[in-house]
> 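The structure's right below; bear with me while I get my questions together.
Quick note on labels: first sequence line is chain A, next is B, and so on, each numbered from 1.
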Amino acid sequence: MESYNPQVLEPKWQQYWLDNRLFAAADDTHKKKMYVLDMFPYPSGDGLHVGHAKIYTASDIVARYLRMKGFNVLHPTGWDAFGLPTENSAIKLGIHPAELTKRNVARFRQQMQRLGLSYDWEREINTTDPQYYKWTQWIFLRLYKMGLAYEATVPINWCPSCLTGLANEEVVDGKCERCGTAVEQRPLRQWMLRITRYADQLLQGLGGLDWPQFIIELQQNWIGRSEGAEIIFTLDQSSAVNPQAMAEKLTIKVFTTRPETIYGATYVVVAPEHPLVGVITTPQQREAVTTYVAQTKQRTEVERTDVTKEKTGVFTGAYVLHPLTHEPLPVWVADYVLLAYGTGAIMAVPAHDERDFAFATKYNLPIVQVISPVLGKDQAELPYSGDGVLINSDQSDGQEVAAGRQMIMGLLQQRAVAQKAVIYKLRDWVFSRQRYWGEPIPLIHCKKCGVVPVPEKDLPVELPPIDTYQPTGTGESPLAAIESWVQVKCPTCPNIARRETNTMPQWAGSSWYFLRYTDPHNKQALAAPEKMQWWLPVDVYMGGAEHAVLHLLYARFWIKALRDAGVISLTEPFSRLRSVGLVMGEDGQKMSKSRGNVVNPDEVVAQYGADTLRLYAMFMGPFSASGAWNTGSIAGVHRFLKRVWQTVLRLAENSEPGPETTTDLEVLLQQTIKRVSENTENFKFNTAIAALMEFHNFLEKQPHVSRSVLERFILVLSPYAPYISEELWQRLGQKQSVLKTAWPGWKEQVLQPAVIKLPVQVNGKLRATIEVAAAVSEEHIVQAAQQQLNVARYLSQGTVARVVYVPGRLLNFVLKE
RNA sequence: GCCCAGGUGGCGGAAUGGUAUACGCUGCGGCCUUAAAAGCCGCUGCCAGUAAUGGCUUGCGAGUUCGAGUCUCGCCCUGGGCACCA
């Protein structure tokens, strides 16, 4: 018999599928639509990774399955090709990034096609294509006109190795997410996106999504909503502050989530960068404060926010008045208060806050307990942050925390010194990069007119094709050096103006690409509204958890902004999200070139074929779990395919077309169809494959079977191992591709076997298994069970107190004590 | 410190509160072969036993239940995330 040879049959079918456009999605309104998407790859110079193979195989299986189930499936891909790695290796190799991108894309596309991924290649997009980034720029201008993009000179995260600014989301443990270099703070003119305006919507929107819980919580934490109050403390007139400041009746506004503890506030702290520091500091303290602030500036972000380090601070010499008791409270400067969060100032309640407690202890500041765990038992170990009743709080004494909060807030609001406030950890998005390989920000700076958007008709603003695109490190993009490109006529006056030379971050192109797939060649709009209306939202989105707060948050933000701009009518882009677990090296470590544990998918395909790689990637374990690559197990799934090949070809010779009969084989087949269907829908690809293996183990023992059994087996195998399935399908005499064939069904009544095996327990321990007709009565079953020798032996040791019978499942005799 | 996920054979893992260890890998024995590879057949959680069978077993300890890997409570460990966020 001809042996299984994937190296011959796989390229043949790959060509067939492409030639016959079997993956192309039609804008067909008769069938129900399904938009199945995976996070498009960054075409790096390393080529496809087995991690790509895992995620793309999974979404491919879902897409193939849904097509056979009769859905109109949109399953596209493309290239997220702007960004630093390409630019860096372009510099190293002396090849232009555009050219390098072209090469990398060609390699990726070839590798992905070889895996049999059923993408609609006619919808392929590339974020670096001017026809694509024209619309990225167009969206930016929309955001700009909505007031969502603004220019600011702010201290930003600067990577001294990548020589560019970074968004907060790109800084991990104070280091550059990409290269691991410690990030510095640098004041730089930046374009910022006002994502904070959508903080609440981004939080609310998470509620209706079918996403992994941990990603939802990651986003919630990142947005970091806190409810509390802003309270105003007025500077004490009697404290010796410079007269000018006194005349203005200065106040310090603090933020707290626990206004009910205000009677326990014994001092106030402001951040070292707080604008009032210079104003309120007394002459006696000026030197100490100046020194402290200078020291703080020199520390890195990591040093400063190290929780384990001892707290430091210095007294300003100034006092504020407690808004209720009117007692003077000293104002300190300390770097444990952050300017960027809340108001940059706090009221310190050392009795009920760990940090304030440590600080107060160190500097001998008073500690006043105002919450008691239980009324009358005032001793609690401080700091105490739990619930209880208020004490030492004047007329609020005895109130529970929640009621006390209301009462005290009422008091403060009466005096107009407090208001409720909600604040977020989320910061605005630093959107400019000082590098070449990104979308130019389509704005023009005119001396006379100020910032002027590039007119829509002049989009795209194309990257100039230049030779020197090395980063400058000066805070200017390399584009700034290209005078011929920078100089441009102002769109609104006759003067010569200058282009914005910063480029967009890599996240720009990926924040809306899923819209473009619905209408990728549209020249008039980013996509036709009716096509977006028909295809969106993305029904199934698969990707890595590393994008939990980057891409997934940015994309949700852009969609909400575009909705407010009237461009789309979508509020959430991704209905259902599934995250893939990492594929580790055989040593259990993350794959990396330096460790030498990288598995190259090309080599696996060359040795075993793409079907084996697909099957193995799915069989490794649960899709969302990370796991180590194991060469021995690949041989196992490859063996399975070889045996399928032989079994089907052997049985094809002596099978005949025949009606379905209700034999054990038919029952098992329908069970298998059911299991594969349900497991595929639930992304449990590993158990779907186990079901296929179990069926095959039974099938291969059969001397002959009906043709229909083989056909249905191949159909349910086909999303997982499309090449071998297509070949065997043809060899069974089929003229039409498996892709065009309907998914087989099952009948519940066939799955009810006539005879069942019933476990019999005595006191919950298995003592026998009996075979009984499914329809037989409980009485008969009990009798049959009692006749089992092993059961009888245990029953004779006591009297039966109770019999538990779960129909079809088990029988349990419970004996009296 | 806080939040999330997880802990099941030698290994990857499977199990709507109902036969724990499916499926695969490894290992052992056998067949085929001059031999090896490949392939095929059988066995393979642990302990005792020739066997029938019995006992034990899902990180640890308790609880609910006729019955718990699964539910509840308390701990331990591993992985991931957040972190002077007031």
> If a pair means Watson-Crick or G-U wobble with both distances below 3.5 Å, what does RNA chain B look like in dot-bracket form, with | marking bases paired to a different strand?
(((((((..(((.....[....))).(((((.......))))).((((....))))..(((((..]....))))))))))))....

> When the C1' atoms of rU16(B) and rU50(B) are considered, how many whole Å apart are they?
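About 42 Å, rounded to a whole number of Å.
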
> Select from Y424(A) and V814(A) the residue whose nearest nucleotide in RNA chain B is closer to the 5' end of that strand.
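This one resolves to V814(A).
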
> Using whole Å, what does the distance between atom C1' of nucleotide rG12(B) and atom CE of M618(A) come to?
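Distance, rounded to whole Å: 15 Å.
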
> Syn or anti for rG9(B), with syn set at within 90° of 0?
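Base orientation relative to the sugar is syn.
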
> K765(A) near the nucleic acid: base, sugar-phosphate alone, or nothing, with a heavy-atom cut-off under 4.0 Å?
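Here K765(A) touches the backbone only, sparing every base.
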
> Of the candidate nucleotides rC66(B), rC82(B), rC84(B), which contains the atom at the shortest distance from the side chain of R802(A)?
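Taking heavy atoms from C-beta onward, the closest nucleotide is rC66(B).
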
> Determine the interatomic distance between P on rA20(B) and the same-named atom on rG45(B); round to the nearest Å.
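So the two P atoms sit 14 Å from each other.
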
> Only counting residues at least two apart or in another chain, list the ones meeting ring pair (Phe, Tyr, Trp, His ring centres under 6.0 Å) with F315(A).
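F315(A) satisfies ring pair (Phe, Tyr, Trp, His ring centres under 6.0 Å) with Y319(A), W332(A) once adjacent residues are dropped.
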
> Side chains of T196(A) and Y424(A): is there a donor and an acceptor less than 3.5 Å apart?
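Looking only at side-chain atoms, Y424(A) and T196(A) do not form any donor-acceptor pair under 3.5 Å.
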
> Starting at the 5' end of RNA chain B, which residue's closest nucleotide do you reach first, S626(A) or K642(A)?
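In this pair, the answer is S626(A).
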
> Under 4.0 angstrom, heavy atoms only, what part of the nucleic acid is L218(A) near: base, sugar-phosphate, or nothing?
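Sugar-phosphate, backbone atoms only, no base.
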
> Quick one: is rG54(B) close enough that its OP1 or OP2 comes under 4.0 Å of any side-chain N or O from Y794(A)?
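Result: yes.
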
> Minimum heavy-atom separation for G808(A) to I756(A), with atom names?
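Looks like CA-CD1, 3.8 Å.
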
> If the condition is salt bridge (charged side-chain N to carboxylate O under 4.0 Å, His left out), which residues does R767(A) pass it with, not counting sequence neighbours?
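For R767(A) there are no salt bridge (charged side-chain N to carboxylate O under 4.0 Å, His left out) partners, ignoring immediate neighbours.
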
> Round to a whole Å and report the spacing from CH2 of W629(A) to P of rC11(B).
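Atom-to-atom, W629(A) to rC11(B), this comes out as 21 Å.
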
> Sticking with atom C1', work out how far rC47(B) lies from rC73(B), rounded to a whole angstrom.
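Between the two C1' atoms, the distance is 33 Å.
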
> Using whole Å, what does the distance between atom P of nucleotide rA38(B) and atom CH2 of W645(A) come to?
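Roughly 22 Å, once rounded to whole Å.
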
> Please enumerate all residues that pass salt bridge (charged side-chain N to carboxylate O under 4.0 Å, His left out) together with K425(A), with sequence neighbours excluded.
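Salt bridge (charged side-chain N to carboxylate O under 4.0 Å, His left out) check on K425(A) returns nothing, list empty.
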
> Tabulate below the donor-acceptor pairs under 3.5 Å that side-chain atoms of residues 254-268 of chain A make, not counting sequence neighbours, or state none.
unit_1: T256(A); atom_1: OG1; unit_2: R258(A); atom_2: N; d: 2.9
unit_1: R258(A); atom_1: NE; unit_2: E260(A); atom_2: OE2; d: 3.2
unit_1: E260(A); atom_1: OE1; unit_2: R405(A); atom_2: NE; d: 2.9
unit_1: E260(A); atom_1: OE2; unit_2: R405(A); atom_2: NH2; d: 3.1
unit_1: T261(A); atom_1: OG1; unit_2: R258(A); atom_2: O; d: 2.8
unit_1: T266(A); atom_1: OG1; unit_2: P366(A); atom_2: O; d: 2.8
unit_1: Y267(A); atom_1: OH; unit_2: Y336(A); atom_2: OH; d: 3.4
unit_1: Y267(A); atom_1: OH; unit_2: D356(A); atom_2: O; d: 3.1

> With no hydrogens and no angle check, do the side chains of W429(A) and E169(A) hold a donor and an acceptor under 3.5 Å apart?
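Judged by distance alone, the side chains do not pair up.
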
> Among residues two or more places apart or on two chains, list those pairs meeting salt bridge (charged side-chain N to carboxylate O under 4.0 Å, His left out) that have a residue in residues 338-350 of chain A.
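Of all non-adjacent pairs touching residues 338-350 of chain A, none passes salt bridge (charged side-chain N to carboxylate O under 4.0 Å, His left out).
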
> Name the nucleic acid region contacted by N790(A), choosing base, sugar-phosphate or nothing; use a 4.0 angstrom heavy-atom cut-off, strictly under.
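Sugar-phosphate, no base atom in range.
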
> Could you work out the separation of rU8(B) and rG49(B) based on their P atoms and round it to a whole Å?
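Nearest-Å result for rU8(B) against rG49(B) at atom P: 29 Å.
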
> What is the distance, rounded to the nearest whole Å, between atom CD of E177(A) and atom P of rC82(B)?
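Going from E177(A) (CD) to rC82(B) (P), I get 10 Å.
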
> Tell me whether K674(A) is salt-bridged to E748(A), with the criterion being a basic N under 4.0 Å from an acidic carboxylate O.
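Yes, this pair counts.
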
> Please tell me which of the listed nucleotides, rC82(B), rU53(B), rA15(B), lies nearest to the side chain of K684(A)?
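It is rA15(B).
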
> Suppose you measure atom C1' in rG24(B) against the same atom in rG9(B); what distance do you get, rounded to whole Å?
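The same atom, C1', in both gives a distance of 14 Å.
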
> Touch check for V337(A), heavy atoms < 4.0 angstrom, all strands: base, sugar-phosphate only, or nothing?
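Answer is base: heavy atoms of V337(A) come under 4.0 Å of a base.
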
> Check every strand shown and say whether S624(A) touches a base, only sugar-phosphate, or nothing at a heavy-atom separation below 4.0 Å.
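Nothing: the residue S624(A), judged by heavy atoms under 4.0 Å, touches no strand.
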
> Between the protein and nucleotides 2-4 of chain B, list the N/O to N/O atom pairs that are separated by less than 3.5 angstrom.
unit_1: rC3(B); atom_1: O2'; unit_2: E217(A); atom_2: OE1; d: 3.3
unit_1: rC4(B); atom_1: O4'; unit_2: E217(A); atom_2: OE1; d: 3.4

> Can you check the I216(A) CD1 to rG80(B) C1' distance for me, whole Å?
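Answer to the nearest Å: 17 Å.
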
> What string of B, S and - do you get for nucleotides 17-29 of chain B, 5' to 3', if B is base contact, S is sugar-phosphate-only contact and - is no contact with any protein heavy atom under 4.0 Å?
-BB--BBSS----

> Will you find, in the side chains of N630(A) and Y616(A), an N or O donor that is under 3.5 Å from an N or O acceptor?
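Side-chain D/A pair, N630(A) to Y616(A): absent.
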
> With sequence neighbours left out, what residues match H696(A) under ring pair (Phe, Tyr, Trp, His ring centres under 6.0 Å)?
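F640(A).
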
> What residues form a salt bridge (charged side-chain N to carboxylate O under 4.0 Å, His left out) with K309(A), not counting sequence neighbours?
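K309(A): salt bridge (charged side-chain N to carboxylate O under 4.0 Å, His left out) contacts with D335(A).
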
> Quick one: salt bridge (charged side-chain N to carboxylate O under 4.0 Å, His left out) pairs with a partner in residues 607-622 of chain A, sequence neighbours left out?
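Listed once each, the pairs are D60(A)-R614(A).
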
> Nearest-Å distance, CZ (R767(A)) to C1' (rA52(B))?
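Rounding to the nearest Å, CZ of R767(A) and C1' of rA52(B) are 14 Å apart.
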
> Contact class for P212(A) vs. all strands (heavy atom < 4.0 Å): base, sugar-phosphate, or nothing?
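Here P212(A) touches no strand at all.
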
> Which pairs pass side-chain hydrogen bond (donor to acceptor under 3.5 Å, both in side chains) with one or both residues in residues 209-219 of chain A, sequence neighbours excluded?
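Listed by first then second residue: D210(A)-R576(A), D210(A)-R578(A), Q213(A)-E217(A), Q219(A)-R556(A).
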
> CD of Q589(A) versus P of rG80(B): gap in Å, rounded?
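Rounded to the whole Å, the gap is 11 Å.
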
> Between rA48(B) and rC31(B), how many Å separate the two C1' atoms, rounded to a whole number?
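About 33 Å, rounded to a whole number of Å.
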
> Using the P atom in both, what is the distance from rU19(B) to rC3(B), to the nearest Å?
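The same atom, P, in both gives a distance of 35 Å.
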
> Looking only at atom C1', what distance separates rG7(B) and rA14(B), rounded to whole Å?
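16 Å, rounded to whole Å.
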
> Considering only side-chain heavy atoms of D335(A), which listed nucleotide, rA86(B), rC82(B), rC84(B), is closest?
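The nucleotide sitting nearest to the side chain is rC84(B).
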
> Quick one: K311(A) NZ to rA86(B) C1', roughly how many Å, whole number?
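In whole Å, rA86(B) C1' and K311(A) NZ are 11 Å from each other.
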
